[in-house]
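This chain uses plain numbering: 1 for the first residue, then up along the sequence. Worth knowing before you read on, the calculation uses all heavy atoms, side chains too, and leaves out hydrogens, waters and symmetry mates.
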Amino acid sequence: MIRKLLVANRGEIARRVFATCRTLGIETVAVHSDADVDAPFVTEADQAVRLPGNTAAETYLRIDLILDAARRCGADAVHPGYGFLAENAEFATAVTDAGLTWVGPPAKAIAAMGDKLAAKALLAEADVPMLPTWTDPAQVTSFPVLVKASAGGGGRGMRVVRDADGLAEAVEGARREAAAAFGDGTVFIERYVERGRHVEVQIFGDSFGTVVALGVRDCSIQRRHQKVVEEAPGVLGDEARERLHEAAVAAGRAVDYVGAGTVEFLLAPDGEIHFLEMNTRLQVEHPVTELTTGLDLVRLQLLIAEGGALPLAAAPAATGHAIEVRLCAEEPAHGYRPATGTLHRFALPGVAAEFGPLAAPGLRLDSGVVDGSAVSIHYDSMLAKVIAWAPTRAEAARALAGALARAELHGVATNRDLLVHVLRSPQFAAVDIDTGFLDRHPEVFAALLPAEQHPLVALAAALASAAARRAAATVLAGLPSGWRNVPAFPQVARFAAADGDDIEIRYRLDRTGRLTEWTTSPAGSGSATSTASSEPTVSLVEAYPERVVLDVDGVRRVYRVRRVGSEVFVDGPDGAAGLTELPRFPLPTAELAAGSLLAPLPGAVARVHVEVGQRVAAGDLLLTLEAMKLEHPVLAPTDGLVTELPVPAGGQVDTDAVLAVVTPDEESPS
């Protein structure tokens with residue numbers, strides 16, 4: 001039996017495995033990079049070993065370092081988690097060769113499924129339905145098609161191509177991204193099914209030849225080919241569900257599968273199913289299967305790794321419905337690019353369990369972060385998985401949306417508003433979903449906080465800041481906030497919003513602390529856009545440093561306010577906002593050259609596509625920035641001349657570093 005388990009992964013993945021180990025009495029070992037030294041999974045492990053470096057390639061992908069850590073800690077088993085090395089046959093072989101128990105499928109099965117091209121050929125012989133596939137772009141005769149990486153997953157290297165003109169460029173781009181992400185630039189092309197649903201079957205096999213399907217999950221709502229919302233059981237007809245189960249079990253038996261695996265399919269609008277890939281691991285979305293079946297899938301993995309037989313011959317009947325969302329550090333104001341920073345507060349209301357079962361309908365949280373966690377550039381942007389389980393799909397969606405809307409997420413921008421809009425959309429409620437859902441419904445990308453509420457949020461921030469200063473005052477502390485010898489003179493506060501706009505609040509309090517007048521305008525404009533005499537009518541009920549209550553047209557609104565330095569985070573009844581309080585008398589700053597293009601986040605310049613002195617057109621690709629495992633193209637904002645390229649390929653940059661300067665044509669030297 002396993003006594004001490006090393007988890008060769010990080011974040012919420014490691015925490016999830018540790019949670020089951022604690023219930024079974026198994027000691028745990030974490031390995032960590034320098035960037036993760038203070039991460040929650042490190043402090044929760046019984047023992048931890050440092051892997052010097054920061055990037056995954058330097059640390060979590062180093063087989064030699066991980067095996068050395070197991071030896072030093074006396075671990076007798078290794079769990080790869082469900083990412084990084086989980087689908088690496090070389091790692092599985094190295095673990096077993098070292099005399100350790102490998103918690104995963106045999107290396108032979110991993111190798112067979114790791115090469116997607118070879119896997120498609122193998123499973124086609126087992127009568128698993130396939131999409132038409134090509135390896136040579138010249139062989140493609142019909143469009144649209146999807147270019148895919150043969151190694152790895154997570155949407156890396158995928159490109160949809162709708163005509164022959166874009167195919168060569170898509171193949172080359174997919175090869176570069178796949179090589180950077182997986183060390184293997186092999187790609188292939190398969191027919192792209194419009195409005196298909198991405199569904200998958202969780203399977204388990206044991207060493208006695210049993211392979212069981214544990215239900216179907218629907219993972220159709222995706223962005224950039226990465227899953228955003230997942231649910232179980234997938235809303236399907238009985239006949240489609242049976243065909244998916246049969247095909248998944250056939251795939252497992254074709255490779256003598258042992259352990260946990262996931263077989264992914266595309267369900268076409270005409271009802272046909274097509275194999276996509278088989279992942280030889282647990283998936284990120286496995287909690288929805290756990291909550292609807294009552295099974296602990298990590299416990300089953302450990303049982304099978306110890307040589308035990310599956311304790312079930314078929315999947316339990318699904319109970320209720322579970323929906324999971326991936327809460328990610330992303331900047332909505334900048335095209336949902338990955339975000340970095342310090343997560344000052346991370347709190348979701350109504351969480352009944354973490355990493356484990358629910359005794360009653362409610363919320364489960366599988367998170368890799370806590371208050372104060374740093375979100376760095378070195379790993380992917382997912383902060384947590386939030387899962388709701390309820391008797392019906394509609395109840396689960398409502399509970400999950402409500403919890404997300406009320407969550408306090410301070411310090412790092414997230415995709416929370418997008419998730420809430422998806423869960424509350426009538427199309428989601430009607431199961432009118434497929435992989436193109438987000439492309440067809442741009443309305444779900446709107447902010448939860450309506451623009452007309454921005455002045456009220458800024459007013460609440462200003463009043464809370466004034467209350468905080470009054471509470472900290474040591475001189476004339478008995479005077480009410482905002483007291484003036486000349487009461488006609490207003491108080492002024494200026495804020496910068498996350499979308500880049502500045503806002504100025506001017507307000508007056510009388511000597512009893514009553515709000516008598518307030519105006520708001522773009523900072524520095526001097527033109528008021530809302531006053532006490534216009535709608536809405538606002539009065540101050542109470543103001544404290546962390547709580548402001550306003551009466552707005554006879555309706556009380558409570559705003560929760562938290563300040564960290566100059567940053568002010570406001571959570572109100574209509575949504576949340578992060579503001580930066582601007583100084584009353586800002587210091588002069590150096591002006592940037594016109595046409596300067598700044599780094600949107602820390603990263604490395606992967607490639608420079610132009611030269612100084614080269615004329616470019618608006619939209620031309622200037623350079624490519626790599627950060628958080630993704631490529632970010634930097635495009636020319638206007639027609640002009642490239643006059644500066646201060647960072648060479650391979651150079652590291654911080655946020656707001658100048659990457660290039662394009663002098664507009666009217667200003668270009670002749």
Side-chain angles (χ1 to χ4, degrees), residues 12-13 15-20 22-23 82 197-202 204 212-221 227-236 241 260 262 282-301 312 314-328 346-368 382-407 415-416 419-425 428-431 433:
E12 57 89 16
I13 298 172
R15 296 184 78 192
R16 168 65 192 93
V17 178
F18 292 164
T20 290
R22 285 193 292 271
T23 67
Y82 32 100
R197 289 171 64 183
H198 187 130
V199 295
E200 62 188 31
V201 181
Q202 178 74 66
F204 259 88
V212 175
L214 299 182
V216 179
R217 299 187 287 252
D218 194 317
C219 309
S220 296
I221 297 180
K227 299 165 186 173
V228 176
V229 180
E230 301 110 348
E231 57 182 305
V235 182
L236 306 166
R241 191 183 313 278
T262 309
L282 279 183
Q283 297 281 84
V284 172
E285 57 273 19
H286 78 271
V288 295
T289 297
E290 292 188 319
L291 292 177
T292 52
T293 62
L295 298 171
D296 181 333
L297 300 188
V298 174
R299 178 180 175 275
L300 287 182
Q301 283 187 297
L312 67 166
T319 301
H321 201 94
I323 304 175
E324 171 183 301
V325 295
R326 302 190 187 196
L327 184 63
C328 297
F346 182 77
L348 284 97
V351 172
E354 294 189 55
F355 305 103
L358 290 168
L363 295 181
R364 165 174 160 174
L365 176 66
D366 285 20
S367 170
M382 193 172 79
L383 301 174
K385 302 176 308 192
V386 190
I387 313 103
W389 176 54
T392 67
R393 184 175 185 269
E395 290 174 287
R398 181 176 62 189
L400 186 52
L404 289 166
R406 297 192 304 275
N415 64 336
R416 178 257 304 275
L419 300 175
V420 173
H421 280 308
V422 169
L423 293 168
R424 288 177 174 172
S425 71
F428 183 81
V431 202
I433 56 176

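Annotation: side-chain contact (heavy atoms from CB on, under 4.5 Å) contacts of Arg406 (sequence neighbours excluded): Pro349. Partners of Tyr82 under the ring-ring contact (aromatic ring centres under 6.0 Å, His included) rule, at least two apart in sequence or in another chain, are His286. Under the side-chain hydrogen bond (donor to acceptor under 3.5 Å, both in side chains) criterion, Glu200 pairs with Arg217, Lys227, sequence neighbours left out. Looking at residues two or more places apart in sequence or on another chain, you find a salt bridge (charged side-chain N to carboxylate O under 4.0 Å, His left out) between Arg393 and Glu231. Ala396 is linked by a side-chain contact (heavy atoms from CB on, under 4.5 Å) to Ile323, Ala388, Ala390, counting only residues two or more places apart in sequence or in another chain. Taking the side-chain hydrogen bond (donor to acceptor under 3.5 Å, both in side chains) definition, one finds that Thr392 meets it with Glu395, sequence neighbours left out. The side-chain contact (heavy atoms from CB on, under 4.5 Å) search around Thr20 returns Arg16, Thr23, Leu24, Asp296, Val298, Arg299, Leu302, not counting sequence neighbours. Residues satisfying the side-chain contact (heavy atoms from CB on, under 4.5 Å) criterion with Ala353, sequence neighbours excluded, are Leu358. The side-chain hydrogen bond (donor to acceptor under 3.5 Å, both in side chains) search around Asp218 returns Arg197, Ser220, not counting sequence neighbours. In terms of the side-chain hydrogen bond (donor to acceptor under 3.5 Å, both in side chains) criterion, residue partners of His198 (sequence neighbours excluded) are, by chain and number, Gln222, Glu264. For His321, the ring-ring contact (aromatic ring centres under 6.0 Å, His included) test picks out no residue, with sequence neighbours left out.
Taking both residues in full, the closest heavy atoms of Arg416 and Ala407 are given as NH1-O, 3.0 Å, listed atom of the first, atom of the second, then distance. Of all the heavy atoms in Phe355 and Ala19, the pair that sits closest is CB-CB, 3.7 Å. Taking each heavy atom of Ala213 and Ala315 in turn, the nearest pair found is O-CB, 3.1 Å. Nearest approach of Phe428 to Ile221, heavy atoms of both residues: CD1-CD1, 3.6 Å.
Contact of the Leu282 side chain with the Ile13 side chain is not registered, since no non-hydrogen atoms from C-beta on lie closer than 4.5 Å. Side chains of Thr292 and Thr319 form no contact here, defined as non-hydrogen atoms less than 4.5 Å apart. Residues Leu300 and Leu297 meet the side-chain proximity criterion, which asks for heavy atoms closer than 4.5 Å. Leu363 has its side chain out of reach of Leu348: every pair of non-hydrogen atoms, C-beta onward, lies at least 4.5 Å apart. With contacts defined as side-chain heavy-atom distances shorter than 4.5 Å, the pair Cys219/Gln283 does not qualify. The shortest side-chain heavy-atom distance between Asn415 and Leu327 falls under the 4.5 Å cut-off. Contact annotation: the side chain of Leu400 approaches that of Val325 to within less than 4.5 Å [non-hydrogen atoms, C-beta and beyond]. Between Thr289 and Leu295, every side-chain heavy-atom pair lies at or beyond the 4.5 Å cut-off.
Distance alone, capped at 3.5 Å, is enough to place a donor-acceptor pair between the Lys385 side chain and the Val284 backbone.
Sorted by first and then second residue, the pairs that involve residues 351-365 and meet side chain to side chain donor-acceptor pair (under 3.5 Å), not counting sequence neighbours, are Glu290-Arg364, Arg364-Asp366.
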